[in-house]
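None of the values given here were measured: they were computed from a predicted structure. Residue numbers start from 1 in every chain, and the chains themselves are labelled A, B, ... in the order their sequence lines are given, proteins ahead of strands.
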2 protein chains.
Amino acid sequence: MTQFGTYVNTARRSLQAHDRRYSLRQVAGRIGVEPGYLSKIERGQVAPPSEAATVRLARELDEDPDVLLALGGKVSSDLQEVIRKRPRLFAQLIRELRDAPDHAVLRIVREVRDGDW
Amino acid sequence: MTQFGTYVNTARRSLQAHDRRYSLRQVAGRIGVEPGYLSKIERGQVAPPSEAATVRLARELDEDPDVLLALGGKVSSDLQEVIRKRPRLFAQLIRELRDAPDHAVLRIVREVRDGDW
DNA sequence: GTAAGTGTGTAGTGTTTAGGAAACATGACG
DNA sequence: CGTCATGTTTCCTAAACACTACACACTTAC
């Protein structure tokens, strides 16, 4: 489960190549964790960080928080809250869509966004 | 946050009224926890139990596991897995549906179930 | 060549999660 | 009365989570 670490490391290094403000230490400083901790995270030596830290890291590296959370084995708590408010409804919907192809889900997203209810 | 406890207590007592196999002790025994623990759960003296125990409890009391998990502040891990596999897609969908009325979501569920993709 | 900056290794910490064990009090039954 | 069965109380804990502190080695910049 070190998908998370390599992903972060790759993203950071690619930024670092053009901007020396993206050293491990500086990024760690900006997202508010110790450098040693971020180092271990990047090398998968510890579990992915908390949701809050993951989101700060994603923003800092200009990555999608939901994707990074997913790599860390988590689901954003605001999504969870939506589900918890109407559990039967959303549980059914999500299970129904488990095996639906991307384009089918996307079609629904668009349908909903064009709000025809 | 003792919604969970009162809900469980009410459900159990209503079963117990007609069937003495639904005493706290017997239910605890069948779902594999100590009576003292279930007692504390029902009175909100401790946090809601783990996902696994919550699901066993729901099945035992013939309640919807997703609803009980929601009352316990949790979201079923199989739903989380669906989201984690395609985080961007599902995050967008769920946020889009956050404020949609029930019937709109239900319409989509039916649409998907009648699988027209 | 030294000061600054880079990443890493080791050790330890406080908090939360998810309960178990055992004794206790109360009431019903025969 | 004794003995079940009921729910409750107190105390304890093992493991996981989310980090910090700090010293170390190496490179680079001036």
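Distance CD (Glu34(A)) to P (dC22(D)): 9 Å, rounded to an integer number of Å. Per the geometry, CD1 belonging to Ile41(A) stands 16 Å off C1' belonging to dG9(C), to the nearest Å. Atom P of nucleotide dA18(D) and atom CG of Leu38(A) are separated by 16 Å, given to the nearest angstrom. Here the P atom of nucleotide dC17(D) and the OH atom of Tyr37(A) are 11 Å apart, to the nearest Å. If you take CG of Leu57(B) and C1' of dG19(C), they are 15 Å apart, rounded to a whole angstrom.
Atom CG of Asp62(B) has 12 or fewer neighbouring heavy atoms from other residues, nucleotides or ligands inside a 6.0 Å radius.
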Identify the pairs formed between an N or O of the protein and an N or O of nucleotides 10-15 of chain D at a distance under 3.5 Å, and give each distance.
residue : atom : partner  : partner atom : Å
dT10(D) : O4   : Lys40(B) : NZ           : 3.3

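The 5' end of DNA chain C is approached more closely, in terms of each residue's nearest nucleotide, by Glu51(B) than by the other of Pro35(B) and Glu51(B).
The pair Asp102(B)-Arg86(A) counts as a salt bridge, with a side-chain nitrogen and a carboxylate oxygen less than 4.0 angstrom apart. For Arg59(B) and Asp64(B), the salt-bridge test fails: no basic side-chain N is under 4.0 Å from an acidic carboxylate O.
Contact detail for Arg95(B) and Ser76(A): the closest heavy-atom pair is NH2-OG, 3.8 Å. Between Pro87(A) and Ala70(B), the shortest heavy-atom contact is CG-CB, 3.6 Å.
Within 4.0 Å (heavy atoms only), Val46(B) reaches no atom of the nucleic acid at all.
Close to dC19(D), at under 4.0 Å from its OP1 or OP2, lies a side-chain N or O of Ser50(A). One finds no side-chain N or O of Ser39(B) lying less than 4.0 angstrom from the OP1 or OP2 phosphate oxygen of dT9(D).
Between the side chains of Glu51(A) and Ser77(A), at least one donor N or O sits under 3.5 Å from an acceptor N or O.
Not one N or O on the side chain of Lys74(B) forms a donor-acceptor pair closer than 3.5 Å with the backbone of Leu68(B).
Here salt bridge (Lys or Arg N to Asp or Glu O under 4.0 Å) pairs that include residues 26-47 of chain A, with residues two or more places apart or in two chains, are Arg12(A)-Glu42(A), Arg30(A)-Glu60(A).
Arg88(B) is not listed as a side-chain neighbour of Asp66(A), based on a closest heavy-atom distance of 4.5 Å or more.
Near-neighbour residues of DNA chain C inside residues 11-32 of chain A, defined by a heavy atom below 4.0 Å, number-ordered: Arg12(A), Gln16(A), Ser23(A), Leu24(A), Arg25(A), Gln26(A).
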